[in-house]
Each structure stands twice: as structure tokens, then as C-alpha cells.
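Here's the structure we're looking at; comments come further down.
One-based numbering along the sequence shown. Everything numeric in this text was worked out from a predicted model, so none of it was measured.
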Amino acid sequence: MILHEMISYETLRLIWWLLIGILLVGFAITDGFDLGTGMLLPFAGKTDLERRVIINSIGPVWEGNQVWLILGGGAIFAAWPQLYAVSFSGFYLAMFVILVALIVRPVAFKFRSKREDPRWRARWDAALFVGGFVPALICGVAIGNVLQGVPFRFSPDMHIFYDGSFFALLNPFALLCGLVSVAMLVMHGATWLQVKTDGAVAERSRRYGSVAAIATVVLYAAAGAALWLWVDGYRVTSAVVVDGPSNPMLKTAQVHVGAWFLNFAAHPWTWIAPAAGLLGPLLAFALLRARREVPALLASAASIAGIILSVGAAMFPFILPSSIDPRASLTVWDSSSSHMTLFIMLVVTAVFIPLIVAYTTWVYKVLWGKVDGKAIEDETGHAY
């Protein structure tokens, strides 16, 4: 028996669909509080020292947190090449804007404290806010567009054509999803600052985080209602071949309002994800008000996982539907790499993901504790 045939093609495709979801959740939870902290910087920190406390709360970990983004992009490229080709070409300008924001952020970290001029530092503070707000908003907008279907098609010789535009991405439902993302990450950033700071910074973070938690519930519920009442969902209408060739054009698909909720009706256990998306922020709100720091952070993380996983549960087996030609929509079963490629990648992932998790856990353990404002004033023990 050839080694890779020990795991069926169907199982490998499903495993990699789950792994992509895990990587997205990992990125949103870890780098999410970095982005949320950046958005809170001008509001939770009123003095230069307070803002330095906020920056140093994520200073030791923000670079490591972005490993999840790199892993996610690499996994999509290798496991789902058609998804990578369509999304990274169709969303090219949006991806470019995110990339610029993510490049500006480390520059701001490094240069902010190089001069003591208040105007100089204020400009870099604004850059850190933009570096948090823009990726959070555009990632949510991207999810909103994926749920509505992306305007791409295949030519007879399987060349991919994208017929959309950047400004078409900024439609009402997508912007609503963008606001869900922003509110969710502001809440998460606030719970992180509760853990890592004290005094006035922690108190302001608690207030803003409480508002963001309620906003997350309201906006997420509104997005769910819109998805149920107005947004077209997709379903496969032909026989599903789970171990066939990666050719999306071999199936047929249908579009109708409310289709994204069929999986929840067929598999009631999947309601766990949206329930976590709604109850998690409410629990985070209560814990923030009670000043229960670590439990509030965990509740916020659970809500992020629930919101992201609810999208995956609703869309399965679709990973990128086409609004122009539903038959061209990419699914778990018809857009993956080869059996051998998925197996080799799984072996590599099984080795390196535990190492990354172990290293990350060690870093957080070593650097646990609140940021000391006095140590910052003394210029000892802090990077920024």
C-alpha cells in the first residue's frame, strides 16, 4: 500500500478544511487582541505613558501572533490552490490595503519612541490605530462578500476570470460584517488590556470593551438575520463526489435565500457555533463588569471562535461560492490539491503546529503579568 493511501482523499480534504478553520481562529484570537489594542490606543491611553503601557502590553507577542496569518496563507496556497488563485486575485486591492496596514504597524512600533516630540508620537499612534482598524474591517468585509458569492467564473479551458471591482466589495451586508469584525476585536483587545494593565488604562478598557461586547451581539444578530432573510445562499444539487477530481465544473448548484441555514437544520449540533458567537460577548460583558480578567479574555476568545466557525458551518461544503456561475463555486470536494500533496502537508503540519503551539505557550507563560508603568518611565525591561 502506498503510504498516503492510509488516509482516504475524502478524509484528507475534510481534515484540511478543518485545519484552515483552526488557523483562521488561531489568527483571529491571537493577532485579534493586537489589532483590538491598536484600535483602543487613542481612547484607552490619554497620556504618553499610558499609551506606552498599552503598546508594551502586546510588544513581546505581536510578531509571533502573525505566524498564524502566514500559516493560513501558506496552507490555502498549498491545500486549496484554486481558492488561493481566486481570492488573492479577486480581492487584490483589498489584500494590498491590508498588507500596507500590516506593514505600517511594525514601523510604528519601532519608530514611535525614537523621538519625544508629541506630534511625532501622535502620528505613529494614529498609524497604530489604522493598522488595527483597517485589517479588522476589511477581513470582515471579505467574509461578507464570500457569504454573498464572489463574481468569478471559469472559461472552457479552466482559466479563472474575476468580474468584480474593489468598490463593489463595499456593499451594505459586507460592511455590516466588517463592523461585526471591528466590534469583536475591540472587545477582545479590551479584555487583553484588562489582563495586562491596571489603573486608568484598565478602567477605560473595561468601559470600551463592555460597549464593544454589546455591539458585537447586536451586529452579529443583525448579520444573521440579514443572512436568513435577504442574502442568497448556495447548495449543491447534483450528486456529491467526495473523492473525485478537483474540477468545480463537474457539479451543479442552486442559489436561494436562506440556503446557508440548511446545515443548521440538518445538523442541530452545529448551532453550538452561533450560540457561542452570541453568548460569548454577553459573558465577556458580565465578566468585564465584574473585573474577572482572564475569564473575560477566554469568553471573548470563545465568541471569536464561535463567530468564525458559524460561517464555516453554514457554508459547508462551499468554501468560495460564485455569484456569476453557481456551478463554478469552489467546494471542499472539488478544489483541493492532490491526495499525495494533502498527505505530505498533513505530516509536516503534525510536526510543526505542536512546536509552534508549545513555543507560543512558553512565551506567554514567561511574559505573563501586568505591564509596569514605572519600569517604562525608568527605561528598563520594556521594548517600546
Tell me if a side-chain donor or acceptor on Asn263 pairs with a main-chain N or O of Ala313 at a distance below 3.5 Å. yes
If you take the centroid of each ring, where Trp contributes its six-membered ring, are Trp228 and Phe261 closer together than 6.0 Å?
yes
* Asked: Does Phe161 reach the side chain of Pro151, with side-chain heavy atoms less than 4.5 Å apart?
  -> no
Rounded to the nearest 0.5 Å, the CD1 atom of Ile304 sits from the CG atom of Leu24 at a distance of 12.5 Å
Taking every heavy atom of Ala28 against every heavy atom of Ile308, the minimum-distance pair comes out as CB-CD1, 3.4 Å
Taken to the nearest 0.5 Å, the spacing of Leu83 CG from Leu330 CG works out to 6.5 Å
- Task: Mark yes or no for whether Arg51, through its side chain, and Gly45, through its backbone, hold a donor-acceptor pair below 3.5 Å.
- Result: yes
Checklist entry - Could you go step by step and tell me if Ser303 and Ser300 meet the side-chain hydrogen bond (donor to acceptor under 3.5 Å, both in side chains) rule? => result CA-CA 5 Å; Ser303 72; Ser300 176; 4.5 Å; no
Would you say the rings of Tyr84 and Phe77 are close, in the sense that their centroids are separated by under 6.0 Å?
yes
**Message:** Looking at Arg121 and Glu116, is any side-chain nitrogen of the basic one under 4.0 Å from a carboxylate oxygen of the acidic one?
**Reply:** no
- Could you tell me whether the side chain of Lys370 and the main chain of Val195 form a donor-acceptor pair under 3.5 Å? yes
All heavy atoms of Pro326 vs all of Val255, minimum pair found to be CG-CG2, 3.5 Å
#### Entry: Side-chain donor/acceptor of Arg13 to backbone N/O of Val242, under 3.5 Å
yes
Ser205 and Leu193 have their tightest heavy-atom pair at OG-CD1, 3.3 Å
Start with the C-alpha distance between Ser322 and Tyr234, add both sets of side-chain angles, then the distance that settles side-chain hydrogen bond (donor to acceptor under 3.5 Å, both in side chains), and finish with yes or no. CA-CA 9 Å; Ser322 170; Tyr234 293 71; over 6 Å; no
Next on the checklist: Let me check something: do Tyr162 and Ile76 share a hydrophobic cluster, defined by ILVMFWY side-chain heavy atoms less than 4.5 Å apart, either directly or through other members?
Outcome noted: yes
Given side chains that start at C-beta, do those of Leu279 and Leu283 come closer than 4.5 Å, heavy atoms only?
-> no
- Message: Any non-hydrogen side-chain atom of Pro321 less than 4.5 Å from a side-chain atom of Val150?
- Response: no
Show every donor-acceptor pair shorter than 3.5 Å between a side-chain atom in residues 127-147 and any protein atom, with sequence neighbours excluded, or say none if there are none.
unit_1, atom_1, unit_2, atom_2, d
Asn145, OD1, Asn171, ND2, 3.1
Asn145, ND2, Val141, O, 2.8
Asn145, ND2, Leu169, O, 2.9

Given 3.5 Å as the limit, does a donor-acceptor pair link the side chain of Trp368 with the main chain of Val363, or not? no
OG of Ser336 to CG of Leu342, rounded to nearest 0.5 Å, is 5.0 Å
Looking at Thr237, is its backbone amide N or carbonyl O close enough to the side chain of Gln254 to form a donor-acceptor pair, meaning the two atoms are under 3.5 Å apart?
no
Is any side-chain heavy atom of Ile307 closer than 4.5 Å to a side-chain heavy atom of Thr216?
yes
Taking the six-membered ring for Trp, are Phe33 and Tyr364 parallel (under 30°), tilted (30 to 60°) or perpendicular (over 60°)? perpendicular
Under 4.5 Å between any side-chain heavy atoms of Ser8 and Thr11, yes or no? yes
### Query
With a 4.0 Å cut-off, would you call Arg105 and Glu63 a salt bridge?
no
| query | Any side-chain heavy-atom pair from Leu93 and Val97 closer than 4.5 angstrom? | reply | no
Are Met184 and Leu278 connected into the same hydrophobic cluster when the rule is that any two of I, L, V, M, F, W, Y join if their side-chain heavy atoms are below 4.5 Å apart?
yes
Do Pro248 and Ser329 make a side-chain contact, defined as non-hydrogen atoms from C-beta onward lying under 4.5 Å apart?
no
Whether Ser238 side chain and Thr252 backbone form a donor-acceptor pair below 3.5 Å: yes
Quick note, ring pair (Phe, Tyr, Trp, His ring centres under 6.0 Å) partners involving residues 5-26, not counting sequence neighbours, are Tyr9-His339, Trp17-Phe316
**Message:** Is any side-chain heavy atom of Arg123 closer than 4.5 Å to one of Arg112?
**Reply:** no
Original post:
Just by modelled atom types, is the Gly369 backbone N or O under 3.5 Å from a matching donor or acceptor in the Lys196 side chain?
Top reply: yes
Exercise. Determine yes or no for a side-chain-to-main-chain donor-acceptor pair under 3.5 angstrom, with Asp334 supplying the side chain and Thr331 the backbone.
Key: yes
Fill in: Lys/Arg N to Asp/Glu carboxylate O, Asp125 vs Arg52, below 4.0 Å
no
CG (Asp31) and CD1 (Ile58) are apart, to the nearest 0.5 Å, by 8.5 Å
Item checked: Carboxylate-amine/guanidinium contact Glu203 Arg206, below 4.0 Å -> yes
**Prompt:** Looking at the rings of Phe27 and Trp68, which for Trp means the six-membered one, are their centres under 6.0 Å apart?
**Reply:** no
**Item:** More than 12 heavy atoms of other groups within 6.0 Å of Phe88 CZ
**Value:** yes
Check your understanding: Is a donor on one side and an acceptor on the other found under 3.5 Å between the side chain of Thr341 and the backbone of Ser337?
Key -> no
